[in-house]
Amino acid sequence: MTEFSGLGLIEPLLRAVAEEGYSTATPIQAGAIPLLLAGRDVLGLAQTGTGKTAAFTLPILQRLFQNKKRVAAKSPRTLILTPTRELALQIGDSFTTYGRHLPIRRTVIHGGVGQSPQVAAIARGTEVLIATPGRLLDLMAQNHVRLDQIEVFVLDEADRMLDMGFIRDVRKVVAVLPKERQTLLFSATMPDAVVDLANSILTDAERIEVTPQSTTVERINQRVLFVERSDKRRLLADLLEDSAMARTIVFARTKHGADRIADHLKKAGIAADAIHGDKSQSARVRALESFRAGELRALVATDIAARGIDIDGISHVINFDLPNEPESYVHRIGRTARAGTDGSAVSFCDHEEVGYLKDIEKTIRQPIPADTDHPYHAVDVAQIHASSKPPPRPKAPGSNRNQNNRNQQQARPRNAGTNPAPKPAAPAKAAQPKPVAPAAKAPQKAGKPTGAPRPDAARNDQNRHDRRPAPHAVSHGNTHGASKQTPRAAGTPGGNTPMRRKPSAA
DNA sequence: AAAAAAG
């Protein structure tokens with residue numbers, strides 16, 4: 001357990017943290033905050049829900065405050081790039097919350113809304129600029145923002161950024177940043193493209209890993225319900241009438257589908273709304289806010305909400321459609337079981353989705369127990385699934401073949417990049433696993449550490465002065481000896497899947 | 001294949 005008070009944070013920040021009700025740092029916070037305060041570059045393998053946002057918000061605020069200087073008009077000192085507008089707003093909130101006792105301004109810019117207020121705020125001067133790529137480039141082209149004073153650059157959700165085709169935009173932005181700066185790159189996975197990007201923008205970075213996936217997945221009660229496509233909506237409405245499903249996020253594969261599902265629920269008298277990329281920004285904000293406020297029983301979303309969005313108290317995730325990308329399944333169900341609570345993930349599987357289900361089971365290395373005790377159970381779909389292959393056996397770690405499926409193979413710290421790495425005069429302290437209990441309460445819930453960051457090698461970059469070796473090798477221990485994925489007994493319904501209803505009138 | 005992001 002690491003207390004925030006021991007991380008070297010200044011009083012106004014500790015006060016804000018305490019006011020939020022937190023005292024214990026999550027592993028990524030315990031590991032990253034001292035490094036970031038010391039000015040190091042960090043490569044963080046982590047997704048939201050591990051406390052990642054606070055892990056960089058707090059030290060950035062502190063550094064900006066301690067090296068206080070006048071902000072020239074249009075010239076922010078920190079740039080944070082995120083793939084989605086919602087994420088940008090969320091990070092903006094984090095700066096507001098933790099910076100409330102410091103005179104540090106922050107501005108969020110993204111598309112879908114008028115640019116004038118954003119332009120005005122930047123012109124007035126803002127220490128922190130949080131942006132989605134499109135609007136940032138837009139404002140840069142119009143000379144409304146300059147990036148030549150950037151001291152800290154954060155690239156959040158880098159893998160997703162690349163998935164969404166932002167690599168060129170990111171490169172354009174990086175090209176105009178000062179070479180001498182502190183850079184943080186966060187990514188949930190490490191495909192080659194992210195490794196390349198990390199190599200080119202980080203200098204002498206520490207790598208910090210947390211594995212929310214395996215651990216989160218463990219705490220989630222997963223079930224699959226075989227159902228014909230035509231019965232899905234009725235099944236969903238039935239499930240949602242159950243009072244246990246107080247706050248449920250329903251994932252659909254398409255934007256249109258999400259709308260139709262939300263309409264159907266509304267007609268059935270269930271407070272629901274949809275969120276997806278075709279909705280106006282105000283509608284997106286409204287849906288998210290009312291869901292957060294508890295006014296909606298269900299939020300129907302596309303994968304816009306699969307990652308990153310951090311909402312407390314989501315009791316259930318329902319995959320109305322199975323994602324065709326297995327990784328997406330893991331991200332989706334990770335919306336529940338946060339803050340150390342339990343959660344349930346219920347996946348509908350129809351005829352055409354059996355193959356997706358198989359892929360998912362392979363990726364998570366465990367079969368998902370079927371729950372047949374519901375009114376719309378489709379026997380034939382279940383049979384297709386049962387006969388298609390034996391349930392996947394857990395494989396030995398290291399046998400995974402998929403770049404995206406990174407979460408089994410880390411455990412040993414590595415350099416951020418792949419370049420041959422002459423070790424600088426860094427304290428070669430072996431990474432001794434020092435147990436760090438998973439934080440029960442921290443700005444953004446718990447995660448688990450796996451890797452011990454280690455002062456590491458130089459890169460091929462020209463500018464690498466101002467980079468000191470790590471003052472100490474932070475070693476957060478491997479706390480998840482017990483967190484290996486254990487396949488559950490298939491078909492053993494246990495726990496809180498609320499589906500004991502008898503066929504309703506339909 | 002769909003989704004996100006600048007219009």
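Just so we're on the same page: letters track the sequence lines, and every chain starts at 1. Keep in mind that what you see is a predicted model, and the values were worked out from it rather than measured.
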>> For a quick check of understanding: with a heavy-atom distance under 4.0 Å over all strands, which category does A:Arg168 fall into, base, sugar-phosphate or nothing?
In response: nothing

>> Applying a 4.0 Å non-hydrogen cut-off, can you work out what A:Gly165 is touching in the nucleic acid: base, sugar-phosphate, or nothing?
In response: nothing

>> Suppose the criterion is ring pair (Phe, Tyr, Trp, His ring centres under 6.0 Å): which pairs have a residue in residues 122-141 of chain A, not counting sequence neighbours?
In response: none

> For A:Ser280, which residues count as a side chain to side chain contact (heavy atoms under 4.5 Å, CB included) partner, sequence neighbours excluded?
Replying inline: A:Ser282, A:Ala283

>> Going by ring-ring contact (aromatic ring centres under 6.0 Å, His included), name the residues that satisfy it together with A:Phe348, two or more places apart in sequence or in a different chain.
In response: A:Phe320

> Among residues 136-149 of chain A, which residues get a heavy atom nearer than 4.0 Å to DNA chain B?
Replying inline: none

>> I need the full list of side-chain hydrogen bond (donor to acceptor under 3.5 Å, both in side chains) pairs touching residues 265-276 of chain A, with sequence neighbours left out, sorted by first then second residue.
In response: A:Asp259-A:His276

> Tell me the salt bridge (charged side-chain N to carboxylate O under 4.0 Å, His left out) pairs involving residues 247-258 of chain A, sequence neighbours left out?
Replying inline: A:Lys255-A:Asp278

>> Suppose we screen for salt bridge (Lys or Arg N to Asp or Glu O under 4.0 Å). Which residues come up paired with A:Asp163, at least two apart in sequence or across chains?
In response: A:Arg307

> Which residues, if any, of residues 275-282 of chain A bring a heavy atom under 4.0 Å of DNA chain B?
Replying inline: A:His276, A:Gly277

>> Using a heavy-atom cut-off of 4.0 Å across all strands, would you classify A:Asp303 as base, sugar-phosphate, or nothing?
In response: nothing

>> According to ring pair (Phe, Tyr, Trp, His ring centres under 6.0 Å), does anything in residues 170-203 of chain A pair up with another residue at least two apart or in another chain? List the pairs.
In response: A:Phe56-A:Phe186

> Which pairs pass side-chain hydrogen bond (donor to acceptor under 3.5 Å, both in side chains) with one or both residues in residues 107-121 of chain A, sequence neighbours excluded?
Replying inline: A:Thr107-A:Thr126, A:Gln115-A:Gln142, A:Gln118-A:Arg135

> Between which nucleotides of DNA chain B, read 5' to 3', does contact with chain A run, using atoms under 4.0 Å from its heavy atoms?
Replying inline: B:dA1 to B:dG7

> Is A:Glu151 salt-bridged to A:Arg77, going by a charged N under 4.0 Å from an acidic O?
Replying inline: yes

> Got a sec, which pairs hit salt bridge (charged side-chain N to carboxylate O under 4.0 Å, His left out) with one end in residues 108-125 of chain A, sequence neighbours left out?
Replying inline: none

